[in-house]
Number of protein chains: 2
Amino acid sequence: MSRSSDLAALARLLADDTRARFCLALLDGRAWTAGELAALAGVSASTASEHLGKLVGGGLLVERRQGRHRYVQLAGPRVAELLEGLVAHPEPVRERPVSLRMSRVSAALARGRTCYDHLAGRLGVAITDALAGRGLLDTSAGFALTGEGVDWLTGPLGVPPEDLRSSRRPLAKACLDWTERRSHLAGLAGARICDRLLANGWVKRVGTHRAVAVTPAGTEALRTLLALDVTRLQ
Amino acid sequence: MSRSSDLAALARLLADDTRARFCLALLDGRAWTAGELAALAGVSASTASEHLGKLVGGGLLVERRQGRHRYVQLAGPRVAELLEGLVAHPEPVRERPVSLRMSRVSAALARGRTCYDHLAGRLGVAITDALAGRGLLDTSAGFALTGEGVDWLTGPLGVPPEDLRSSRRPLAKACLDWTERRSHLAGLAGARICDRLLANGWVKRVGTHRAVAVTPAGTEALRTLLALDVTRLQ
DNA sequence: CCGACGGTTCGGCTCGCACCGAAGAGTCCC
DNA sequence: GGGACTCTTCGGTGCGAGCCGAACCGTCGG
């Protein structure tokens with residue numbers, strides 16, 4: 001509430017092209033006069049004065065009056081880091097990633113099979129989280145497995161290496177879990193993990209639906225393999 | 001130019017209170033539907049839809065259509081860090097911070113620069129210090145030049161005596177140096193010293209602005225004239 | 001004291017944009 | 001297929017904010 005208006009107020013300081021120009025110029029760490037900044041940005045002295053008033057008032061700049069000059073400077077290294085972080089923000093990709101947009105047919109197919117061969121729900125998310133420290137990368141483009149992750153699958157978990165080779169299916173894929181509202185691991189790796197847990201009797205199906213439950217043996221195995229305590233999943 | 005408009009465009013995404021609310025809610029890492037966010041922010045579904053279009057288009061969020069729902073999520077951990085950095089921005093302090101850490105570039109400015117028409121920064125202060133034993137008095141009322149000091153200017157430094165006569169401008173004056181937090185020599189004498197050093201090629205301007213650097217010839221000259229080793233200023 | 005200069009304040013103009021409601025498209029469930 | 005639901009698109013409205021020029025103030029130098 002108040003935090004959101006704070007965030008918006010701070011962002012509003014940088015949302016103007018002229019003020020953004022000022023701040024980028026000041027990123028060199030030096031102090032500039034109001035007139036220099038006005039000339040740089042191509043605005044009148046009065047406009048620059050108003051902008052500087054806002055930037056100083058918002059804590060992004062500090063000022064120092066000396067004689068008839070008004071020197072301004074970035075308020076500190078934190079502000080510089082903030083600006084650099086914003087400037088470094090990558091351009092959004094023009095075309096939408098394929099995995100995010102499904103055709104009608106594949107959507108229907110996804111609906112029927114969603115989470116069918118891999119684990120979902122709190123258990124799926126918890127396993128995904130536990131894997132995040134063991135070779136599963138959560139990138140903005142989706143999930144990816146490192147060599148360490150593959151070694152974990154073929155080693156401790158015991159997935160035959162040839163089962164991880166597939167002509168077309170991606171190894172790791174993010175699947176949005178709509179009870180948890182977070183992504184869980186899908187793709188070939190997700191399916192193989194589910195295979196192993198079922199085959200080892202660590203997880204078994206409940207009833208005719210897709211619900212699964214962790215067995216006592218599975219609880220122990222997950223604690224050993226992933227330091228995951230499934231009894232705390234509620 | 002293009003970087004400043006990029007920065008402004010990105011900041012503009014967060015400059016609206018409603019969009020800021022969305023982003024803060026999404027900071028929990030989960031995926032939210034458009035309707036949930038609309039209700040949270042207290043705006044209509046149509047308004048929320050437009051906002052989400054901008055946030056996704058700007059690369060801050062990624063979306064995932066599932067059925068009739070539109071799930072959105074922060075685009076990645078980098079975006080989350082960016083947001084946290086912004087909300088962590090401290091309220092502007094009324095009084096100026098005691099010391100500002102400087103970037104590499106501002107360090108150059110701290111080393112030497114001109115202030116109006118005289119030298120400032122570490123170089124200006126060092127020259128002032130060196131002159132203190134050669135006819136510059138540092139009194140409680142400010143700086144003053146003795147006859148010895150005037151002789152040094154017109155003799156070894158080579159300032160034409162008539163250039164030291166001015167109807168009203170004080171010969172020696174103290175100017176507070178904002179990087180060194182000490183006074184350096186200003187006034188007519190300070191200006192003439194700066195003139196000579198520039199004219200002799202002992203100091204030259206760096207870039208288009210006020211930063212200056214001592215040349216090799218200047219290093220030698222200052223050692224001879226003032227027993228000042230400028231290589232130790234850094 | 002005067003002129004030059006840097007910066008500020010103020011009135012007024014214009015344009016962008018956040019907002020809504022209504023209509024429409026797509027999806028789900030019965 | 002029908003009805004409920006979610007989201008999107010599209011006019012239309014009103015407020016906020018950036019911009020300028022003119023007048024003004026304080027400082028500097030002669």
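To find a chain, count down the sequence lines: A is the first, B the second, and so on, and within it residues start at 1.
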Between [atom2] on [N] and [atom1] on [X], what's the gap in Å once rounded to a whole number?
X	N	atom1	atom2	result
A:Arg64	D:dT27	CZ	P	16 Å
B:Leu37	D:dT6	CG	C1'	13 Å
B:Asp163	D:dG30	CG	C1'	15 Å
B:Gln66	D:dC7	CD	C1'	15 Å
A:His69	D:dG29	NE2	C1'	13 Å
A:Asp17	D:dA17	CG	P	17 Å
B:Leu188	D:dG29	CG	P	10 Å
B:Lys173	D:dT27	NZ	P	11 Å

Under 3.5 Å donor-acceptor pair, [X] side-chain atoms to [N] base atoms:
X	N	result
B:Arg70	D:dC7	no
A:Ser46	C:dG7	no
B:Arg68	D:dT6	no

State which of [options] makes the closest approach to the side chain of [X].
X	options	value
B:Asp16	D:dA4, C:dC19, C:dG7	C:dC19
A:Ala34	D:dC7, C:dG7, D:dG26	C:dG7
A:Arg19	D:dG18, D:dC20, C:dG21	D:dG18

Considering every strand and a 4.0 Å limit on heavy-atom distances, what is the contact class for A:Ala45: base, sugar-phosphate, or nothing? base
Assign the ring pair B:His184 / B:His118 to parallel, tilted or perpendicular, where the plane angle (0 to 90°) is split at 30° and 60°. tilted
Where is the tightest heavy-atom contact between B:Ala172 and B:Leu136, given as atom of each residue plus distance? CB-CD1, 4.3 Å
Do any side-chain nitrogens or oxygens of A:Arg65 fall under 4.0 Å of OP1 or OP2 in C:dT8? yes
Between A:Ser44 and D:dC20, is there a contact of a side-chain N or O with OP1 or OP2 at under 4.0 Å? yes
Is the side chain of [X] donor-acceptor paired with the backbone N or O of [Y] at a distance under 3.5 Å, no angle test?
X	Y	value
B:Arg19	B:Arg12	yes
B:Thr128	B:Leu185	yes
B:Thr215	B:Gly201	yes

Around atom CZ of B:Arg78, are there more than 12 heavy atoms of other residues, nucleotides or ligands at under 6.0 Å? no
Under 3.5 Å, is there a donor-acceptor pair between the A:Ser49 and A:Ser46 side chains? no
Neighbours of DNA chain C within residues 47-55 of chain A, by heavy-atom distance under 4.0 Å: A:Ser49, A:Glu50
